[in-house]
Each structure stands twice: as C-alpha cells, then as structure tokens.
Number of protein chains: 2
Amino acid sequence: MFDVLYQHILKKVNITPKEWEFITQQCIPKKVRKKQYILQAGDKAEFSIFVTKGCLRSYSVDAAGEEHIVQFALEGWWIGDTSAFLTNEPASFNIDALEDTEVLLFPSEALDAIFDQVPMFERYMRLLLQGNYVAMHKRLVSAISTTAEEKYLRMQKQYPDIMQRVPQHMIASYLGLKPETLSRIRKKLASEK
Amino acid sequence: MFDVLYQHILKKVNITPKEWEFITQQCIPKKVRKKQYILQAGDKAEFSIFVTKGCLRSYSVDAAGEEHIVQFALEGWWIGDTSAFLTNEPASFNIDALEDTEVLLFPSEALDAIFDQVPMFERYMRLLLQGNYVAMHKRLVSAISTTAEEKYLRMQKQYPDIMQRVPQHMIASYLGLKPETLSRIRKKLASEK
DNA sequence: CCAAAGCATTGATCCAGATCAATGCTTTTT
DNA sequence: AAAAAGCATTGATCTGGATCAATGCTTTGG
C-alpha cells in the first residue's frame, strides 16, 4: 500500500531509496471500514492523511445541523483538517469512509521531520499545494458565479471518477445544492440529449 | 520597498543576508498607477506578484460579460494567475490596480532559481500556500453554505482593512452578490443595532 | 468649475433553487 | 425473508436574492 504514495511522489520529484525508506518509517498505515470516522469535529487533528485505497469525505455540520461536504478523497489524494492540523485547534471537520479504505497517517512531527530530512519532499508538497490552490480557486469561482446546472456539469467533467462512486445526495452537498434540485437537473439534462 | 517582502519572509523563516541579496536580484520592482493593468486575460502570465504598497484586484469576466472579483491584494500579499503561471497557458484573469501601487515581479525562472538556491524560501512558500489553502477553504464553505448576510459579516470580520479601502460594489462582486443586495444588507444591519 | 461618469440607495417585480410532502425503489440490518 | 433505513424522484409552493428602473450624490477629468 506504500506504493501508491511512492508513485505519487515520483510523478513530481525524485528521491533516493534511503529517503523513501525514511518517509515510510514516519507514517502509520491504517485500515478504515465503511462509515467509520477517521476524525471527528472537536478532536485534535493529529494527522495528515494519504489515501491508498477507497474513498473518504470531509464535511462540516452547520448551526442548523446541515452537513456540508467539503472534499472527497480517492486513492492518491491527501486529506485532513489542514487548519486544525496546523494551528493545533480542535477540528471543525469530520472525516469518514464512504468505502472500506486504506490510508497512511502522518503526524505533524513526522511531516516536519521529513521536510527537514528530505528537501525534495518539501518541493513535492509545495507543488501539490500549488495545484490544489488552482483547483480550489476554480471551484470557488464556479460556486460564486455559476448556476446549479453549470456547477454540476463542471464537476462531472472534472471528477468523473467521484461522480461514479459517490451517492447523488453527497454530490449535491459538495456542490451546495439540495438533492431534489440535483435530481431535477439530471432529469432535465437527460431529456435534452 | 524591498523591506516589506523581507519582513514578510522573516515572519516565517530565517534566511542569510546573502540569500536575501540573491532574492532581491531575481525580481523586478515596478510601480502601477490606479486603474492600470498588470495582467490581462489572454496574456502570458509571466510573473508572480508581491505587493509592497497599494492595492490590486484579480477578476474574471464570464460569458455574459459580468466581472467576478476573485482576490484583493494589499501590502504583503502575493497575487497572480497561478494556474496560467504554472501551466504557461494564457491568463484567464485580469489584474489591475485600485490605488497607485508598488509591486515586485517574479518571473517563473526567477522563482525556480530561488527555490533551488534558498531552501528556506521554498519552505516560506509552502507555509504561505498552506495558510492560503486554509483561508480559501473557509471562503468556499462560506460561499456554498451561508446566506448573503453571513457572507458579508464574515468578510467584515476577516478583512476589515479591505472593506475600508475598496468600493462597495467590488465587495459585492467578491462575495458573489449584486450591489443592490449588499446595499440592502448594510441598511438592515445598520437599523438593527 | 462644470459635465459626465461612477456609485450607493430605494422601490417594484421576477425567478432559480429551497422547502415541504408523498411515493416507490434499493440497501442494510436482524 | 421481513422490517427498517436510506435514497432518488416528482409535485406543489415559497422565498432570498436577482433584475429592472429611477433618483440623487460624489468623484474625476477636461
């Protein structure tokens, strides 16, 4: 299961076998069954999480008790409550498994140690964050300035794999729509072609 | 004007005077007058921009000709069309000055050279990106799952300085609202207290 | 210094998407 | 295999924010 991460890193930067060994020693492999939590709001966000198999989601619950899905993570994705992880405040997001899932857990100190020992890992992380920044920027523009239908079409184009594996009402939540609205949009689109 | 950047870096990491000298040699100081463009959609996004004085905004124009403000940048902020900058595709955002402004321009090769020569600058950038990621995450959650009034209040709390320096209809655009709506929200809030 | 442009405000309507409610699937659970 | 829970769909209605339109106040630039 380490191999998914190894390949992911090699796509961005080169590291030596020794460095790779160091990295593997810093993290904790873990299996999570469907519906189990990896992080709950209020907990300390001890880990950054790399998914090697399966699918996770992070979501917040607002004052009215509504869930808002903020991110999905399939194989090869990082996920975590970055804010809580960095500031050491209690988590404000929940993370749970939508399928039986395997992950690598990186404690904060482990990551810092890796950044110090393996400079190319710091570059890997910077490149990841840059890519992330760009993706989130686009999602934000879409969220602020497009119709429900456009949001749906954009998501279908950008994350066809997620659309296939995740229940429809969660897609709706991710897009900031109600399940009924998404259902009607799908119906309309189906009838149009 | 370099000093704004120097202080900004020192808040995150330590660098030697030699390293700092190297950094200053890689960038191009520039003054931009109010209303002038620094980047226009369709152009090559040659630079990452650090603001040392004044205020910039980036915005996109949608198919219907509507402007959508995506970011403001005051002193001490980085701004640019990161996506276009990284991929070398034509810019899809415009960046112009809301006040007379002074900036430092970093060409792509300059940044890469700095990342190679000054490892702590790569860390500085990673830390910045992480902070950015967190901030944008919050903005996204707010955009997707709160009312117009909540968006306004949140912005007032997070960026009081921007609220003071930027015309109201631009705040509306940044929040994804119409100027009329923002005006009514302000009226209502004023009457409530 | 005056005309013109830009901006905030207010009023009157409209509409995309939310809300409320009911029905018939599929999965889980036991 | 039955009961229960979860999910997608459809219909009827409501509403927050958009749209359209008009007015007066500031900038700004010639």
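Note that the coordinates shown come from a computational prediction; the quantities given were computed from them, not determined experimentally. A note on names: the letters A, B, ... follow the listed sequences, proteins ahead of strands, and every chain is numbered from 1.
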Nearest whole Å is fine: how far is dA8(C) C1' from Tyr152(B) OH?
13 Å
Return the orientation label for the Tyr174(B) and Tyr159(B) ring planes: parallel under 30°, perpendicular over 60°, tilted otherwise.
perpendicular
Tell me whether Arg123(A) is salt-bridged to Asp116(B), with the criterion being a basic N under 4.0 Å from an acidic carboxylate O.
yes
Between Asp96(A) and Arg57(A) (salt bridge meaning N to carboxylate O under 4.0 Å), is one present in this structure?
yes
Could you check how far CD of Gln168(B) sits from C1' of dT26(D), rounded to whole Å?
14 Å
Taking CG from Leu98(B) and C1' from dG6(C), how many angstroms apart are they, rounded to a whole number?
14 Å
Return whichever of Lys151(B) or Lys187(A) has its heavy-atom-nearest nucleotide of DNA chain D closer to the 5' end.
Lys187(A)
Return a single string for nucleotides 15-30 of chain C, one symbol per nucleotide in 5' to 3' order, where B is base contact, S is sugar-phosphate-only contact and - is none, cutoff 4.0 angstrom on heavy atoms.
--SSBB-------S--
Are Phe115(B) and Phe121(B), when compared by the centres of their aromatic rings, separated by less than 6.0 Å?
yes
Going by salt bridge (Lys or Arg N to Asp or Glu O under 4.0 Å), Asp100(B) matches just one of Arg33(B), Lys34(B), Lys35(B), Lys30(B). Which one?
Arg33(B)
Determine, for Lys53(A) against Glu75(A), whether the closest basic-nitrogen to carboxylate-oxygen distance falls under 4.0 angstrom.
no
So, does His169(B) get its side chain near the phosphate of dG6(C), meaning an N or O under 4.0 Å from OP1 or OP2?
no
